[in-house]
Number of protein chains: 2
Amino acid sequence: MKVEKISELTTNRLSVYLRCLNELLAEGKRTVSSDKLAERFHLNSAQIRKDLACFGEFGVRGVGYYVEDLRDHLQKILGLDKNHRVGIIGAGRLGTALADYYGFTQTNFDVVALFDNDKGKIGQRIGDVDVFAFKNFAKVAKKDKIDVAVIAVPAQFAQSVLEEVTKSGIKAVMNFAPTPLRVHDGVKLKTIDLTISLESLSYFLSHVNNINGNN
Amino acid sequence: MKVEKISELTTNRLSVYLRCLNELLAEGKRTVSSDKLAERFHLNSAQIRKDLACFGEFGVRGVGYYVEDLRDHLQKILGLDKNHRVGIIGAGRLGTALADYYGFTQTNFDVVALFDNDKGKIGQRIGDVDVFAFKNFAKVAKKDKIDVAVIAVPAQFAQSVLEEVTKSGIKAVMNFAPTPLRVHDGVKLKTIDLTISLESLSYFLSHVNNINGNN
DNA sequence: TTCTAATTGTGAAAAAGGTTACAAACAAGA
DNA sequence: TCTTGTTTGTAACCTTTTTCACAATTAGAA
């Protein structure tokens, strides 16, 4: 087992493995080999084994992995054994769509508050979630124990929102504003830039030759 | 200039460069060197030059790049000189949020139709866009010249939606369902999996030590 | 107990991606 | 025209990521 720095590519795959294991578990499978996993979900078996090896020896040679056992380990490794409390900044279409995104409600992420500057939105209730004034972020975040912030505001406000959020002690931020942001050390930022994805897709559309399938 | 296969990492960066150039253009800058570009937008100058070199020689030694000229080239390379017509499948919260996503309206992507199976939604108008029955996708896609499909349906339906969409001749698909999909050759699929991003974020939250800032 | 078949964990090779460093090219001033 | 200073385009190098290949380990059958 290596204690080195784990790359984001690896953690992304861990999430995929977890999903696969849950599926197998739902089918009542008790054990699975890295080969079977790889074949069924179109992954690479050596990579699965290597990724897992970063965190310990979970398999049994000659047998494979115990599905439930490995699932539990992965959940723990990914920090999904604890609940996370999410605050979304920006109560526009995207923000409110995210507020009841299946993935949030599905896993251990509870959206507990929306924030906005628009007086018309503050005080409203969207789904199960109240909209607060963003200027009260720190206060609400503390009271509601928010540990993940989602930025869903226009690009020009994103950096200052991030600063504010960071100041209040949040360590994990997901950014949907199509702009790169600077973060302080110790804060993890993940940006999902739809503009980049779209434009990149457009590239492949006008170069249909060089396409190699997936992703 | 190399005609090799261009990686997605490169096309993603091209989109970033384009954004930077537009910003410089708005400020009235006529030329820019790769060094200045890199410094200002926190990129790497050699990488910029290398990425551009895949498509031609756009710079002038001793001078740099002509901002407007390079912008136009990048737009062309990314296929953003033509308009794209987007159909979104799934008129739920996410689908409708995407329908008036700024990035779509902003760039050359027009959302021209939403599709759903829900009788209550079919025939409605959301923003500027009509909701059609998904079973009529091929027909509407042809009539409205849709060339990009966005999948915003629950994971269990995503694969069959993709098949249907592919059958109607669409070559570029963006998938928001948190599940990997299989595509036929010649179709470009880009999946944005929020569950993976969230769970990966969760990992870094419970391992706050190993954090190295950005992305 | 010994043998066989399966499967892990991992070092070594290969591929992909990113950075450094510099010759070649050009602009502008002497 | 020649010289100086700048900046590109790219070859060489380095790093990271992925894949290959196999010794080590285990379960179960003989």
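A note on names: the letters A, B, ... follow the listed sequences, proteins ahead of strands, and every chain is numbered from 1.
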Over how many whole Å does the gap from B/L37 atom CG to D/dG9 atom P extend?
13 Å

In whole angstroms, how far is the C1' atom of C/dT8 from the CG atom of A/L70?
13 Å

Between C1' of C/dC22 and CG of B/D35, the distance in whole Å:
14 Å

Counting only side-chain heavy atoms from C-beta out, which of D/dC20, C/dT7, D/dT17 sits nearest to A/S7?
D/dT17

What is the distance, rounded to the nearest whole Å, between atom CD of B/E8 and atom P of C/dG17?
10 Å

Expressed as a whole number of angstroms, how long is the span from A/K5:NZ to D/dT17:C1'?
15 Å

Using atom types as modelled and distance alone, determine if a side-chain donor or acceptor of A/T191 lies under 3.5 Å from a backbone N or O of A/D193.
no

Whole angstrom is fine here: how far is it from CG in B/D51 over to P in D/dT8?
14 Å

With sugar-phosphate taken as primed atoms, P, OP1 and OP2 and all else as base, the protein-contact string of nucleotides 23-30 of chain D at under 4.0 Å (heavy atoms; B, S, -) is -BBBS---

Compare side-chain N and O positions of B/N44 against OP1 and OP2 of C/dG18 and report whether any pair is under 4.0 Å apart.
no

Considering only NZ, NE, NH1 and NH2 on the basic side and carboxylate oxygens on the acidic side, decide whether B/R93 and A/D100 come within less than 4.0 Å.
yes

Which residues pass the side-chain contact (heavy atoms from CB on, under 4.5 Å) test with A/K76, not counting sequence neighbours?
A/D81

According to a strict under-4.0 Å criterion, is A/S34 in side-chain N/O contact with OP1 or OP2 of C/dT8?
yes

What nucleic acid atoms does A/L9 come within less than 4.0 Å of, heavy atoms only: base, sugar-phosphate, or nothing?
sugar-phosphate

Check whether more than 12 heavy atoms from other residues, nucleotides or ligands sit under 6.0 Å from atom CD of B/E163, and answer yes or no.
yes

Could you state the atom-to-atom distance from CG of B/L43 to P of C/dT19 in whole Å?
10 Å

Closest of D/dT10, C/dT7, C/dT10 to the A/K36 side chain is C/dT7

Can you tell me whether the side chain of A/K50 and the base of C/dT10 have a donor-acceptor pair closer than 3.5 Å?
no

How about B/L189 and B/L181: do any of their side-chain heavy atoms sit closer than 4.5 Å?
yes

Inspect the surroundings of CZ in A/F41 and state if more than 12 heavy atoms from other residues, nucleotides or ligands are less than 6.0 Å away.
yes

If we check side-chain hydrogen bond (donor to acceptor under 3.5 Å, both in side chains) with A/S202, which of these qualifies: B/H84, B/Q75, B/K82?
B/H84

NZ/NE/NH1/NH2 to OD/OE distance under 4.0 Å, A/D51 and A/R13
yes

Would you say a side-chain N or O of B/R13 is under 4.0 Å from OP1 or OP2 of C/dG18?
yes

Under 4.0 Å from OP1 or OP2 of D/dT19: is there any side-chain N or O of A/R49 that close?
no

Please check the phosphate of D/dG9 (OP1 and OP2 only) for any side-chain N or O of B/Y65 closer than 4.0 Å.
yes

Look at the side-chain N and O atoms of A/Q47 and state whether any lies under 4.0 Å from the OP1 or OP2 oxygen of D/dT17.
no

Roughly, in whole Å, what's the span from CG in A/L52 to P in C/dT10?
11 Å

